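Presented below is the structure to which this report refers.
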Amino acid sequence: MKKGIIALSPIMVFILFYLVTSIIAGDFYKIPITVAFMVSSIYAISIFKGMPLMQRINSYSRGAATEQMMLMIWIFVLAGAFAHSAKNMGSIDATVNLALSFLPPQMIFAGMFLAACFISLSIGTSVGTIAALTPIAVGLAQETGVDVAMMTAIIVGGSFFGDNLSFISDTTIMATQTQGCRLSDKFRVNAFIVVPAALVILVVYFFLGQDTAAPQQIPDVEWIKVIPYLTVLITAICGMNVMAVLTLGIVLCGIIGIITGSMDIYGWFGAMGEGILSMGELIIVTMMAGGMLELIKQQGGIDFIIKLLTRRVNGKRGAEFSIATLVSLVDVCTANNTVAILTVGSIAKQIGDRYGVDNKKCASILDTFSCTVQGLIPYGAQILIAAGLASVNPVSILPYLYYPFTLGLVAILSILLRYPKRFS
């Protein structure tokens with residue numbers, strides 16, 4: 001018990017340090033999140049005994065540079081380069097003007113949420129959706145006087161709709177593989193939970209948008225400058241790899257920028273460089289989180305959570321709640337919903353089989369709760385990349401994440417009320 005609590009203590013140190021110092025300062029922007037992770041990382045390396053200091057540092061470094069971490073960092077680099085190239089070339093302004101021309105002000109919230117839901121469902125990745133839509137959302141927020149953090153949260157929330165439901169989402173594939181059920185079966189169960197939550201939030205955004213002020217004057221749309229974003233969205237929907245999508249967007253921004261005289265080739269290179277540098281804090285936080293969480297895993301923190309939650313399971317409803325809590329806590333510890341599902345999938349299968357939980361419902365619980373938690377942790381890749389592209393503090397996005405909160409509530413009710421009954 002004591003060893004398990006100690007293994008998880010770096011996360012507690014991070015949360016307490018960041019929250020307490022921010023509350024004392026009265027400003028969440030006062031304490032850089034990188035400093036909070038540095039303090040908790042140093043703490044993690046120093047308290048975990050049983051191996052030489054250099055070995056602990058090497059373990060931390062391996063966690064910070066895993067294949068998944070490096071892939072995420074490459075996406076951050078390309079997203080930053082594309083966002084700044086598009087901004088300097090005028091693509092973001094042109095796309096925002098296009099959206100304002102077609103969408104009435106009261107439909108902007110609902111329209112952006114629907115766009116994020118549709119794109120994420122098509123491409124199966126929340127990160128790709130956020131990278132594509134956040135700059136447009138920020139531009140719309142600035143034009144209409146809406147809080148940038150709120151508009152960014154709309155994109156983050158909508159991006160998890162597809163991440164949770166899409167047939168090509170890695171979380172969906174992992175959940176069904178670990179539980180031995182078909183993608184289509186899990187989709188049917190998930191739809192009963194995810195679609196009602198999305199419809200509720202869509203109605204909420206429609207009413208919240210009624211007071212949105214219309215821009216004084218909408219400039220003419222420069223259609224040629226809209227091409228990079230339209231290409232990015234269409235190729236993403238068609239299923240192209242997110243890194244290829246962003247690379248294509250960067251190249252188009254450069255070509256169109258030079259043709260229209262918006263920037264020369266050196267201006268394009270400079271814009272890409274600025275964009276990459278703007279992702280610096282995000283990349284550092286991602287690597288430090290990965291290193292710290294690797295040490296927690298090595299010291300048995302995740303095993304401790306699993307044993308603690310599975311020793312007193314009684315009945316089908318208790319089994320479902322234990323699976324939901326298990327994947328949620330492991331996601332908090334790993335900041336990666338796919339890894340969380342992979343980590344607890346086999347244990348969830350054993351619990352489900354022992355207490356008669358339908359494997360389709362079990363897969364749905366794993367996917368839904370991991371996506372809910374992933375959408376609410378400020379050090380998760382999705383919120384970090386959204387905050388980086390929007391130039392806001394990750395914590396400032398949290399109060400506006402209506403969809404992940406609602407999804408979690410509906411998922412809890414689905415266990416309490418044995419819903420959908422056919423699979424419960």
Side-chain angles (χ1 to χ4, degrees), residues 1-23 31-73 76 280-312 322 325-348 369-370 373-374 376-384 394-395:
M1 183 76 172
K2 183 180 177 183
K3 185 181 177 183
I5 293 171
I6 291 172
L8 293 172
S9 62
I11 292 178
M12 301 173 200
V13 168
F14 165 73
I15 294 170
L16 287 173
F17 178 83
Y18 189 71
L19 284 179
V20 171
T21 51
S22 297
I23 290 168
I31 308 297
I33 197 167
T34 46
V35 174
F37 266 111
M38 183 188 72
V39 170
S40 54
S41 295
I42 292 171
Y43 170 81
I45 292 170
S46 62
I47 65 157
F48 292 150
K49 308 298 180 183
M51 52 177 141
L53 175 62
M54 203 61 223
Q55 194 175 334
R56 280 176 266 161
I57 294 172
N58 288 339
S59 294
Y60 181 92
S61 301
R62 278 196 301 274
T66 61
E67 186 177 323
Q68 284 183 323
M69 286 293 176
M70 295 311 297
L71 178 63
M72 196 62 65
I73 287 168
F76 293 164
E281 183 179 58
L282 173 58
I283 291 168
I284 291 167
V285 165
T286 301
M287 295 184 76
M288 286 198 291
M292 185 180 78
L293 296 169
E294 176 65 23
L295 286 176
I296 290 170
K297 184 179 178 182
Q298 279 191 9
Q299 293 296 316
I302 292 174
D303 290 338
F304 168 72
I305 293 172
I306 291 170
K307 289 176 183 176
L308 189 67
L309 290 174
T310 56
R311 66 182 181 182
R312 291 184 180 177
S322 70
T325 308
L326 193 60
V327 75
S328 299
L329 288 176
V330 173
D331 191 85
V332 168
C333 293
T334 59
N336 187 308
N337 44 349
T338 307
V339 172
I341 293 171
L342 178 62
T343 303
V344 306
S346 60
I347 298 162
F369 279 91
S370 65
V373 174
Q374 187 68 19
L376 294 173
I377 51 176
Y379 53 91
Q382 290 82 357
I383 291 182
L384 286 175
V395 178

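Owing to the predicted nature of the structure, the values given are computational and were not obtained by experimental measurement.
Residues E281 and P32 approach most closely at OE2-CB, 4.4 Å, considering heavy atoms. S370 and V327 get closest at one heavy-atom pair: CB-CG2, 4.0 Å. Here the shortest heavy-atom pairing between R56 and F48 reads CD-O, 2.6 Å. Closest approach of I73 to M287, counting heavy atoms only: CD1-CG, 3.4 Å.
The side-chain contact (heavy atoms from CB on, under 4.5 Å) test applied to L329 returns I305, L309, T325, not counting sequence neighbours. Every side-chain contact (heavy atoms from CB on, under 4.5 Å) that A36 has, sequence neighbours left out, goes to F14, F17, Y18. Partners of I42 according to the side-chain contact (heavy atoms from CB on, under 4.5 Å) rule, which considers only residues two or more places apart in sequence or in another chain, are M38.
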Checklist entry - Does the side chain to side chain contact (heavy atoms under 4.5 Å, CB included) test come out yes or no for I383 and I377, once each step is laid out? => result CA-CA 8 Å; I383 291 182; I377 51 176; 5.9 Å; no

Item to check | Stepwise side chain to side chain contact (heavy atoms under 4.5 Å, CB included) test for K3 and F304 | outcome: CA-CA 8 Å; K3 185 181 177 183; F304 168 72; over 6 Å; no

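With hydrogens and angles ignored, the 3.5 Å screen pairs a side-chain donor or acceptor of Y379 with a backbone N or O of V332. Looking at N58, its side chain does come within 3.5 Å of a backbone N or O of M54 through a donor-acceptor pair.
Annotation: side chain of L326 is not in contact with side chain of F369 (no heavy-atom distance under 4.5 Å). Between M292 and L295, every side-chain heavy-atom pair lies at or beyond the 4.5 Å cut-off. When side chains are defined from C-beta on, N337 does not count as touching V373, because their heavy atoms never get closer than 4.5 Å. Under the 4.5 Å side-chain criterion, counting only non-hydrogen atoms from C-beta, Q299 is not in contact with I6.
Atom CE of M70 is separated from atom CD1 of I283 by 8.5 Å, given to the nearest 0.5 angstrom. Interatomic distance, S46 OG to L53 CG, rounded to the nearest 0.5 Å: 9.0 Å. A distance of 11.0 Å separates OG of S40 from CG of L16, quoted to the nearest 0.5 Å.
Counting only N and O atoms by type, the side chains of R62 and S59 include a donor and acceptor under 3.5 Å apart.
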